[in-house]
Amino acid sequence: MAKDAQFVKDIADIETNFPQWYTDVVLKTQMVDYGPVKGTMVIRPYGYAVWENIQRELDKRFKATGHENAYFPMFIPYSYLVKEADHVEGFAPEVALVTHVGDMELPEKLVVRPTSETIICEMYSKWVQSYRDLPVLINQWANVVRWEKTTRPFLRTSEFLWQEGHTLHRTEEEARAETMRMLDIYDEFCRNVLAIPMMKGRKSEKEKFAGAKETYSIEAMMHDGKSLQCGTSHYFGTNFTEAFDITYLDSDGVRKHPYQTSWGVSTRLIGALIMVHGDQRGLCLPPYVAPVQAVIIPVAMHKEGVLEKAKELYESVSNAGIRVKLDDTENSPGWKFNEYEMKGVPLRIEIGPRDIEKGEVVYSRRDKLGEKFTLPISEVAERIPAILADINRNMYEKALNHLKTHTIKVSNMEEIRAAVDNGDFAEGMWCGCRECEDKLKQEMQVTTRNMPFDQTPVGDKCAICGKPAKKRIIFGRAY
RNA sequence: CGGGGUGUAGCGCAGUUGGUAGCGCACGUGGUUUGGGACCAUGGGGUCGUGAGUUCGAGUCUCGUCACCCCGACCA
């Protein structure tokens with residue numbers, strides 16, 4: 001560790017000062033910078049490339065399940081927001097309002113969307129007339145604005161990027177199935193693309209989305225044992241379709257309200273993958289979203305034909321569809337090693353005179369620091385996909401192991417406190433009442449994360465009040 | 001919105017009792033280097049967050065103000 005210290009001197013200690021570690025890492029790796037307005041962030045190219053990869057992978061999955069993309073305006077008449085009572089109550093405190101244009105006061109103030117249910121419902125009410133118009137399966141990639149009090153890059157910013165799916169269905173069953181389908185897609189995506197294991201489950205009444213009948217979430221455990229809600233899928237029933245008077249004439253000649261869902265993930269996912277996989281050296285990016293999947297570092301590059309060989313290698317790897325970078329800058333190899341480890345590049349390939357002589361390369365994996373491997377030069381391009389897959393698998397296993405070993409069964413308040421203080425999730429039983437959640441929050445800053453679908457009881461009494469328990473649930477501290 | 005902290009070169013910081021604004025990294029140029037953050041030489045870069053005040057003189061003292069970070073309450 002003493003040896004490490006000289007290379008990572010500018011990154012705070014991950015174990016004792018995790019928040020500062022996070023800030024150091026996102027800034028130093030040029031993922032993000034602060035914007036001039038409080039709470040805003042600039043997503044720099046290295047961070048935005050991760051988002052583009054996330055978008056591409058998710059979008060593919062949305063399309064494969066029949067969804068189409070559209071775009072709705074970011075300005076919403078204030079009157080729309082007010083239509084659904086719970087919704088306005090939940091969002092009003094944090095919405096940004098546009099009241100003026102130049103010196104002229106607008107006749108109706110405008111909401112800068114904090115989410116788009118209201119404007120989308122307003123439009124859907126025009127578009128849906130018949131059962132033949134259902135289902136409506138629309139997704140939008142957009143920015144939203146929520147004026148949060150405390151902000152952190154990617155985790156909570158005044159403006160952030162996300163996708164929001166908004167669907168209408170003829171039946172409750174179909175809408176419920178959609179809610180679960182999208183939750184499952186998020187879960188699968190996080191596992192296979194971000195290498196993050198998620199806890200799927202249902203949110204409590206207290207924690208659910210403002211206006212939803214039911215909210216489901218995927219929650220991930222960060223390095224410090226805190227939880228991050230990484231995605232949500234809501235079942236609305238007819239809450240909004242009634243409020244916005246969306247009706248269709250069904251085949252039986254009866255006018256009905258369609259059933260609705262919405263679901264979303266945001267740039268917060270970038271924060272999640274940083275805080276799940278990162279280590280003292282900095283980022284450790286999952287290979288399928290890493291902007292650079294493999295970096296080639298020529299050693300003694302001005303000698304013999306080193307650079308030429310490196311360029312040949314670059315071409316073959318690039319042609320194999322790998323996002324590869326050849327760093328032929330004048331920085332020393334040691335500098336480059338540290339730089340790309342900090343930036344989380346999954347695979348590093350070294351090629352120098354000794355390697356060329358032997359017809360091989362030395363490579364090193366970001367998920368297995370300190371180990372070096374060799375490959376015949378001729379096989380590099382074809383072998384990389386399997387190596388990246390193994391990196392993803394190994395990163396997932398590590399994260400899963402962390403989650404499992406830090407999820408502790410609890411049966412009373414003391415055990416909950418002990419667990420979360422130790423950086424664990426506390427899994428136990430809950431009576432289902434709001435008062436217990438409030439008490440937990442007040443006394444130890446702990447919230448209910450979600451209720452797993454496996455509701456096999458792990459006890460019969462509420463861990464908070466001791467009364468008969470109704471639900472198996474995860475307690476934890478959250479971002 | 002409470003509690004704590006920080007604002008001085010692009011970044012990280014020093015600046016003593018109030019007396020010519022500095023160091024490291026980064027950056028430009030020339031050269032030597034290159035298998036875990038190379039080295040020599042040389043050069044450029046500042047409204048000390050901001051506004052008042054005290055003073056012959058303020059980075060330094062006083063008051064205000066703004067921004068950011070950390071910890072809480074609110075949230076994807």
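Convention: sequence-line order gives letters A, B, ...; per-chain numbering from 1.
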Rounded distance in Å - [atom1] ([X]) to [atom2] ([N]):
{"X": "R281(A)", "N": "G36(B)", "atom1": "CZ", "atom2": "P", "value": "12 Å"}
{"X": "K28(A)", "N": "G12(B)", "atom1": "NZ", "atom2": "P", "value": "10 Å"}
{"X": "M342(A)", "N": "C25(B)", "atom1": "CE", "atom2": "P", "value": "18 Å"}
{"X": "Q445(A)", "N": "C71(B)", "atom1": "CD", "atom2": "C1'", "value": "10 Å"}
{"X": "M444(A)", "N": "C71(B)", "atom1": "CE", "atom2": "P", "value": "20 Å"}
{"X": "E330(A)", "N": "G28(B)", "atom1": "CD", "atom2": "C1'", "value": "15 Å"}
{"X": "R354(A)", "N": "G36(B)", "atom1": "CZ", "atom2": "P", "value": "9 Å"}

* To do: Take E437(A) and R434(A) through the test salt bridge (Lys or Arg N to Asp or Glu O under 4.0 Å) and record every step on the way to the result.
  => CA-CA 5 Å; E437(A) 284 186 281; R434(A) 173 69 181 256; 5.2 Å; no
If you check the [X] side chain, which of [options] turns out closest?
{"X": "T23(A)", "options": "G35(B), G36(B), C69(B)", "result": "C69(B)"}
{"X": "V299(A)", "options": "C74(B), G36(B), G35(B)", "result": "G35(B)"}
{"X": "R348(A)", "options": "C74(B), G36(B), C69(B)", "result": "G36(B)"}
{"X": "K149(A)", "options": "C69(B), G35(B), C1(B)", "result": "C1(B)"}
{"X": "V362(A)", "options": "G35(B), G36(B), C1(B)", "result": "G35(B)"}
{"X": "W335(A)", "options": "C69(B), A38(B), A73(B)", "result": "A38(B)"}
{"X": "N338(A)", "options": "G37(B), C74(B), C70(B)", "result": "G37(B)"}

With heavy atoms under 4.0 Å as the rule, sort [X] into base, sugar-phosphate or nothing.
{"X": "L155(A)", "value": "base"}
{"X": "F160(A)", "value": "base"}
{"X": "Q229(A)", "value": "sugar-phosphate"}
{"X": "R477(A)", "value": "nothing"}
{"X": "P19(A)", "value": "sugar-phosphate"}

* To do: Report yes or no: is the cationic atom of R176(A) (NZ for Lys, CZ for Arg) closer than 6.0 Å to the six-membered ring centre of Y259(A), at no more than 45° off its axis?
  =>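 No, R176(A) does not sit over the ring of Y259(A).
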With both distances kept under 3.5 Å, what pairs with [N], Watson-Crick or G-U wobble?
{"N": "G44(B)", "value": "none"}
{"N": "A67(B)", "value": "U6(B)"}
{"N": "G36(B)", "value": "none"}

* Asked: Aromatic rings H87(A) and F91(A): how do their planes relate, parallel, tilted or perpendicular, breaks at 30° and 60°?
  ->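 Tilted.
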* To do: Confirm from the modelled atom types if D355(A) and G35(B) form a donor-acceptor pair under 3.5 Å, side chain to base only.
  =>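 Counting by modelled atom types and ignoring angles, a donor-acceptor contact under 3.5 Å is found here.
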* Does any N or O donor sit under 3.5 Å from an N or O acceptor when you compare the side chain of E341(A) with the base of G36(B)? ->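 Yes, the side chain and the base share a sub-3.5 Å donor-acceptor pair.
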* To do: Please determine if a side-chain N or O atom of S332(A) lies less than 4.0 Å away from the OP1 or OP2 oxygen of U33(B).
  =>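 No, no such contact exists.
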